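This report refers to the structure that appears directly beneath it.
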Amino acid sequence: MKPEELAQFKKLLLRRHALLSGNVTAMENQALKRSRQANSGDLSNMPIHMADIGTDNFEQEFTLGLIENEDQMLRDIEDALARIENGTYGLCENCGKPIRKVRLKALPSARYCIECQRLVEEGLE
């Protein structure tokens, strides 16, 4: 791959990393926020309805799941940046063949060519 192309992919990966880092931080703040009572400023000891607690728990679990997914994407991006530095970016980690540029544009952190990715997803590799 040409140095200019590598520089473009690195720039794209760094932009995505910055965006995801901001998203994760915002979601962490949301998921780990103070209790509903503290957030509302309600200092009374009136109990909160059980449905509200269930909704809050669901939203927190959902947000934590999103954080986990985005953390994995961040790790994938960091791995791709490391591959750029060590000269293996754009090569399939399974067969060693070049990954098509159209695939890298769609998924810049791709580790495998399409054929090997299918094998990985089917559990054959």
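Along the sequence shown, residues carry numbers from 1. What you are looking at is a predicted structure, and each value in this text was computed from that prediction instead of being measured.
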### Query
Taking atom CG of Leu13 and atom OG of Ser109, what is their separation to the nearest 0.5 Å?
7.0 Å
### Summary
To the nearest 0.5 Å, atom CZ of Arg111 lies from atom OG1 of Thr88 at 9.5 Å
### Message
The test is side-chain contact (heavy atoms from CB on, under 4.5 Å); show your working for Met73 and His17 and say whether it passes.
### Response
CA-CA 8 Å; Met73 286 191 273; His17 190 279; over 6 Å; no
### Message
Would you compute the distance between atom NZ of Lys10 and atom CG of Leu14 and round it to the nearest 0.5 angstrom?
### Response
6.5 Å
### Message
Tell me if the CD atom of Gln72 is crowded by more than 12 foreign heavy atoms within 6.0 Å.
### Response
yes
### Summary
Between Leu74 and Ser21 the two heavy atoms that sit nearest each other are CD2-OG, 3.7 Å
### Query
Between atom CZ of Phe9 and atom CG of Leu104, what is the distance when rounded to the nearest 0.5 Å?
4.5 Å
#### Entry: Tyr89 vs Leu81 side-chain heavy atoms within contact, under 4.5 Å
no
### Task
Examine Leu12 and Ile99 and state if one hydrophobic cluster contains both, with Ile, Leu, Val, Met, Phe, Trp and Tyr joined whenever side-chain heavy atoms are less than 4.5 Å apart.
no
### Approximate separation, where rounding is to 0.5 Å, of Leu20 CG and Asp71 CG
9.5 Å
### Query
Which heavy atom in Cys95 sits nearest to a heavy atom in Cys92, and how many Å separate them?
N-SG, 3.5 Å
### Query
Within the side chain of Glu5, is there an N or O that forms a donor-acceptor pair under 3.5 Å with the backbone of Lys2?
yes
### Query
Do the charged groups of Glu115 and Lys97 touch, with an N to O distance under 4.0 Å?
no
### Task
Could you state whether Ile77 and Met1 fall into the same hydrophobic cluster, counting links through intermediate Ile, Leu, Val, Met, Phe, Trp or Tyr residues with side-chain heavy atoms under 4.5 angstrom apart?
yes
### Task
Would you tell me whether Gln8 and Glu4 have side-chain atoms, one donor and one acceptor, within less than 3.5 Å of each other?
no
### Task
Decide yes or no for Arg103 and Gln117: does some side-chain heavy atom of the first lie under 4.5 Å from some side-chain heavy atom of the second?
yes
### Query
Looking at CZ of Arg118 and SG of Cys113, how far apart are the two atoms once the value is rounded to the nearest 0.5 Å?
9.5 Å
